[in-house]
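The block underneath contains the structure these notes are about, expressed in structure tokens.
Quick caveat, the model's predicted, so the values are computed rather than measured.
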Amino acid sequence: MKSTKKRGLFSLLVLLAGLSCQRCQPAPPSPLQTVPADAAAALLLEPAGVLARALQGALALAGQTAEQNADLERLKTELGFDPTTLDGLRRAGIDPARPIALAVLGVDGGHGDLAAVVPCADPKALEQTARRLAERLGRAEKVVADSVANRQALRFARSFGDREIVLGGLVLDQARRLAFISLGGGGPQALERMLQIPAEQSLERAPAFVAGRAKVKPGPLLIWVGRPLLDKSTAALDAQSDVARYVVASAGIEAGGLWIGALLGLDPAARERLQRTLTLGDRPPDVFALAGRDALLAASGTANVPTLLAALDGARDDPRLAKAQQMASAAGIDLNRAVIERLRGGVAAALYLDPKGPLLVRRGGPRQMAQSLLGRILLLHVAADVTETGGADLLSLIDRYFAQRDIVIGTRTVGNTETHFAGSGAVEERVEWHYALHGNRLLLGIGSAASFDRLLTRAKGSGSGPLSDALSPAIRSQLVGQSGGALYVGFAALTEQLRQLAQSPALKDPTLRSGLVKATELSAKLGALGLRAHVDDDGLRIDLRLEAAAIAPAPAEKRAP
């Protein structure tokens with residue numbers, strides 16, 4: 001009996017040891033080990049199943065109407081599998097638990113060879129999937145057995161007159177459980193290079209990629225753009241120096257929101273110039289303390305205005321700036337000394353959509369329509385930091401500008417602060433400008449007096465404002481009180497405006513009305529978008545977060561008629 005128990009125990013230990021050894025086996029290699037270090041661009045999905053989840057999320061957001069469901073069924077028929085489920089990927093021969101990589105190899109004349117490295121769960125099923133896609137989607141007429149790097153391969157082609165056009169190729173690497181797929185005429189060469197590349201010459205080992213990847217938040221999606229593409233895009237900007245070294249970005253979904261983090265790696269000289277131009281040491285006015293909860297857009301940032309204009313090649317020679325300088329000179333004002341040199345660089349702005357009237361259905365020329373747009377729809381608030389001695393001169397300059405255009409100017413007092421206003425146009429289409437100086441901050445409003453008075457009241461207050469109180473914790477920590485440039489988009493106001501447009505009796509086009517209805521439905525599912533950009537020791541960093549409408553928007557603030 002004891003002997004039987006001992007044998008049973010020994011068998012169990014052997015079984016557990018065998019399972020443990022299987023777990024201890026080295027993981028299959030990353031597909032990035034097969035992508036050359038000089039790849040122009042690459043995208044990594046880790047794992048491949050993230051593609052199915054992303055498609056599921058997109059379908060859920062779109063609402064999956066009967067029409068969309070029919071489109072999805074047609075797509076499944078064309079593909080031969082369901083790309084929205086893990087089981088569907090397995091049926092196609094793809095392992096959803098391992099990464100998939102796409103890469104652009106070499107850029108010649110603006111075009112590069114596109115290749116994919118796909119984790120293989122079932123070689124035969126994956127080969128069938130590749131054949132079906134090549135024939136149905138690529139319209140391949142020939143599937144030819146081939147050989148690449150001493151491995152069996154398939155070449156997909158079609159005839160064009162007396163020529164054969166190569167559409168792509170497929171090689172299954174059984175040892176590494178990877179499928180190499182190429183698209184385009186340069187496919188066989190691309191596949192041969194990827195199959196034979198040593199790991200130390202791969203993108204995964206490239207110093208710039210390793211450094212950049214370590215500086216972005218880990219996520220299931222990783223994007224890399226290397227020098228071959230950046231050289232072409234930056235050549236026109238600065239042909240004499242290496243400006244951008246790489247772009248690396250990651251993305252993911254968490255806590256009801258989509259996030260993207262990106263880093264533009266800059267050479268030290270370019271980074272220093274950008275940092276000096278943006279004067280990130282000076283914090284801009286807190287737009288989120290100045291804006292209402294019903295703001296459609298809110299943005300803030302800093303800039304050293306003279307340095308910025310100097311950095312923008314030819315900006316000082318722009319005809320519009322030259323015309324402004326001429327107008328200022330006619331009024332006896334030095335534009336550089338009176339305006340540019342007296343702006344300290346911090347600017348914040350908020351834009352509102354007035355729900356009193358829809359955006360279109362106004363007749364007249366561009367000027368009349370612009371007046372209607374500004375007077376009845378848009379409310380704009382701007383706060384700009386100025387030097388201690390420059391504020392009063394700027395107010396005087398604005399007064400002179402309106403006086404030269406025969407626009408009525410007046411003043412009024414709001415809480416011990418003298419405010420100026422200027423108006424033009426008929427009463428029902430009146431465009432009103434309001435401006436005042438509060439400390440070292442110039443406040444400007446386009447819209448009603450009541451709207452500007454609320455801006456002035458907020459500017460005199462302290463602490464957080466209506467918008468900052470309404471932000472989700474994730475977006476608040478990302479934007480409020482942070483250096484650099486910030487942008488907020490609130491979709492509640494946009495949804496209401498789209499709804500009014502879709503219901504407008506003046507809208508006669510049924511196709512346009514249908515499109516507006518769909519846009520309204522999509523906008524209603526979105527809550528807010530927050531974006532922040534700033535410069536650090538590595539380059540320009542950008543963080544973006546898009547949230548669903550999980551947090552109920554606050555009602556719009558009441559406005560005086």
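A donor-acceptor pair under 3.5 Å is absent between the side-chain atoms of Thr413 and the main chain of Asn416, judged by distance alone. Checked by atom type and distance alone, the side chain of Ser523 never pairs as donor or acceptor with a backbone atom of Ala519 at under 3.5 Å. Formation of a donor-acceptor pair under 3.5 Å by the Arg476 side chain with backbone atoms of Ser468 is found in this model. Of the possible donor and acceptor atoms, none in the side chain of Glu547 sits under 3.5 Å from a partner among the backbone N and O of Ser472. Under the 3.5 Å distance criterion, the side-chain polar atoms of Lys215 are left unmatched by any main-chain donor or acceptor of Gly265.
Here the OG atom belonging to Ser250 is positioned 11.0 Å from the CG atom belonging to Leu44, to the nearest 0.5 angstrom. One distance of note links CG of Leu494 with OG1 of Thr520; it measures 8.0 Å at 0.5 Å rounding. Remark: Arg53 CZ to Ile253 CD1 distance equals 9.0 Å, nearest 0.5 Å. Residue Leu531 holds its CG atom at 5.0 Å from CG of Leu544, rounded to the nearest 0.5 Å. Leu296 contributes atom CG, which lies 10.0 Å from atom CG of Asp294 (distance to the nearest 0.5 angstrom). With values rounded to the nearest 0.5 angstrom, Thr419 atom OG1 is found 9.5 Å from Tyr435 atom OH.
Between Phe421 and Trp433, a ring centre-to-centre spacing not shorter than 6.0 Å is recorded.
Pairs engaging residues 410-419 under the salt bridge (charged side-chain N to carboxylate O under 4.0 Å, His left out) rule: Arg412-Asp453 [sequence neighbours left out].
Looking at heavy atoms from C-beta onward, Leu471 lies in side-chain contact with Val480 at the 4.5 angstrom threshold. You'll find the side chain of Arg245 stays beyond 4.5 Å of the side chain of Leu266, heavy atoms only. Here the side chains of Leu380 and Val382 are in contact, with some heavy-atom distance below 4.5 Å.
Between the side chains of Thr417 and His438, no donor N or O sits under 3.5 Å from an acceptor N or O. Defined by atom type and a distance below 3.5 Å, a donor-acceptor pair is missing between the side-chain atoms of Ser448 and Glu432.
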Is there a side-chain hydrogen bond (donor to acceptor under 3.5 Å, both in side chains) between Arg499 and Gln503? Walk through the geometry before answering. CA-CA 6 Å; Arg499 184 176 290 114; Gln503 296 173 354; over 6 Å; no

Is there a ring pair (Phe, Tyr, Trp, His ring centres under 6.0 Å) between Tyr352 and His381 once you walk through the steps? CA-CA 9 Å; Tyr352 305 83; His381 294 166; 5.1 Å; yes

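Partners of Tyr246 according to the side-chain hydrogen bond (donor to acceptor under 3.5 Å, both in side chains) rule, which considers only residues two or more places apart in sequence or in another chain, do not exist here. Every residue two or more places apart in sequence or in another chain was checked for a side-chain hydrogen bond (donor to acceptor under 3.5 Å, both in side chains) with Arg441, and none qualifies.
Ring-plane geometry between His434 and Phe452 is classed as parallel, the angle between the planes falling under 30 degrees on a 0 to 90 degree scale with a further cut at 60.
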